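Working notes, structure below.
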Amino acid sequence: MSLGIPEKITALLFDLDGVLTSTAVLHRKAWRQTFENMGQQFSEQDYLTYVDGKPRYDGVRSFLASRGLTPPEPEIRRIGDEKNDVVNKIIDEEGITPYPGSVRYLRAAREASFPIGVVTSSANATKVLKAGNLTEFVDALVDGNVITDQHLHGKPAPDSFLEGARRLGVAPEHAAVFEDALSGVKAGHDGGFGHVVGVDRGNQAEALKTNGADVVVNELDELLS
Ligand SMILES: O=P(O)(O)OC[C@H]1O[C@@H](O)[C@H](O)[C@@H](O)[C@@H]1O
């Protein structure tokens, strides 16, 4: 079976929330609840533009800055931590649903012996992968905890994907990045990755391309043939 990627690609790096699992929607809900508690309107577009794909506190900073607000660091952290409690509650209530097309793609990648990395800004990745029964597919994980511990710059900086490629022992030009966030495709593009697949879960195919996606799909298994 063909994975629908260029021949030079020998390893795959997947974002988690919104690419493998439908958790981007849960994050968006939790962010909205948290910001609305502060009296700030928070639209789907706000999520996609300011928060999606970025590490937790970067998301808080970026959205509030868009409203002309620059609270001190402890307040940024308090807001981010409040949102983390909310998203964990939502995850526990609603459960984790992997996208069937993504599971099909991961199985095909496994059968074709491609090393697989998951590169996510979320510090909740281990829990989400486990609840989604996806742990068996992951050879290397770079998550929000690794980003913090190693002082990496979060997406849109390419650092977390570069660390994923390093952990799989592959040069970026031989790795493909799969991303649903604008910050994520930009990271893949700016990191010099060999192929960047944008996954459009909403209505942002054009924006994914402008920010660095080489191709855009709605479901990963569209690439299989
Ligand atoms: O707060 P967490 O779980 O560490 O996640 C940080 C970010 O992780 C990203 O994967 C999500 O796209 C964002 O919505 C989320 O805010």
Side-chain angles (χ1 to χ4, degrees), residues 13-38 40 42-66 76-99 102 117-132 134 138 141-161 163-164 177-188 198-202 204 207-208 211 213:
L13 296 169
F14 296 91
D15 173 51
L16 178 60
D17 302 305
V19 170
L20 300 182
T21 58
S22 56
T23 37
V25 178
L26 309 187
H27 280 286
R28 195 176 74 217
K29 237 191 213 181
W31 282 117
R32 196 183 62 223
Q33 195 174 312
T34 307
F35 288 130
E36 286 187 355
N37 278 347
M38 303 171 53
Q40 294 294 330
F42 183 76
S43 67
E44 180 171 354
Q45 195 55 51
D46 287 324
Y47 178 75
L48 295 173
T49 306
Y50 302 115
V51 177
D52 196 16
K54 297 179 185 172
R56 190 180 306 163
Y57 304 128
D58 291 354
V60 179
R61 235 176 261 118
S62 160
F63 170 67
L64 291 180
S66 79
I76 300 271
R77 282 170 190 263
R78 192 200 59 71
I79 296 164
D81 293 344
E82 185 183 320
K83 178 266 173 180
N84 192 46
D85 291 342
V86 178
V87 83
N88 272 283
K89 197 160 166 271
I90 297 176
I91 289 172
D92 293 341
E93 281 165 9
E94 299 194 15
I96 298 298
T97 325
Y99 288 105
S102 299
V118 169
V119 178
T120 170
S121 295
S122 176
N124 293 298
T126 301
K127 169 177 172 166
V128 169
L129 287 166
K130 208 167 159 204
L134 296 174
V138 185
L141 172 65
V142 176
D143 66 4
N145 299 308
V146 173
I147 290 171
T148 303
D149 292 349
Q150 299 198 2
H151 307 290
L152 302 178
H153 294 292
K155 302 171 191 177
D159 305 29
S160 53
F161 280 117
E163 177 62 12
V177 162
F178 298 78
E179 258 292 353
D180 67 314
L182 302 182
S183 58
V185 290
K186 181 165 172 28
V199 185
D200 184 21
R201 300 295 186 192
Q204 56 172 5
L208 285 164
N211 280 272

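Since we're looking at a predicted model, the values are computed, not measured. Counting from 1, the numbers follow the sequence of the chain as shown. Order of listing sets the numbers, starting from 1, for every ligand and every atom in it. Atom set for the values below is all heavy atoms of this structure, side chains included, hydrogens, waters and symmetry mates excluded.
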Atoms in ligand 1 with a heavy atom of T120 nearer than 4.0 Å
10 (O)

Subset of ligand 1 atoms that lie under 4.0 Å from at least one heavy atom of K83
1 (O), 16 (O)

H27, portion touching ligand 1 at heavy-atom distance under 4.0 Å:
side chain

Hey, is R28 touching ligand 1 through its side chain, its backbone, both or neither, going by heavy atoms under 4.0 Å?
neither

For [atom], what's the nearest protein heavy atom and its distance?
| atom | result |
| --- | --- |
| atom 14 (O) of ligand 1 | Y47 OH, 2.6 Å |
| atom 16 (O) of ligand 1 | W31 NE1, 3.0 Å |
| atom 12 (O) of ligand 1 | G53 N, 2.9 Å |
| atom 10 (O) of ligand 1 | D17 OD2, 2.7 Å |
| atom 4 (O) of ligand 1 | A123 N, 2.7 Å |
| atom 7 (C) of ligand 1 | K54 O, 3.2 Å |

Is [Y] paired with [X] through a side-chain N to carboxylate O contact shorter than 4.0 Å?
| X | Y | value |
| --- | --- | --- |
| D17 | R201 | no |
| D58 | R61 | yes |
| R28 | D52 | no |

Would you sort out whether K127 and D92 count as a salt bridge (charged side-chain N to carboxylate O under 4.0 Å, His left out), showing the intermediate values?
CA-CA 10 Å; K127 169 177 172 166; D92 293 341; 3.0 Å; yes

Would you say D46's side chain and S43's backbone share a donor-acceptor pair under 3.5 angstrom?
yes

Flag side-chain contact, heavy atom, 4.5 Å: V87 against W31:
no

Could you name the option among R56, K155, K127, E179 that has the heavy atom nearest to atom 1 (O) of ligand 1?
R56

Rounded at 0.5 Å granularity, tell me how far CD1 in I76 sits from CZ in F63.
11.5 Å

Kindly compute the distance separating CG (L16) from CG (L129), expressed to the nearest 0.5 Å.
5.0 Å

Below 3.5 Å, N or O to N or O, backbone or side chain included: is there any such pair between D15 and ligand 1?
no

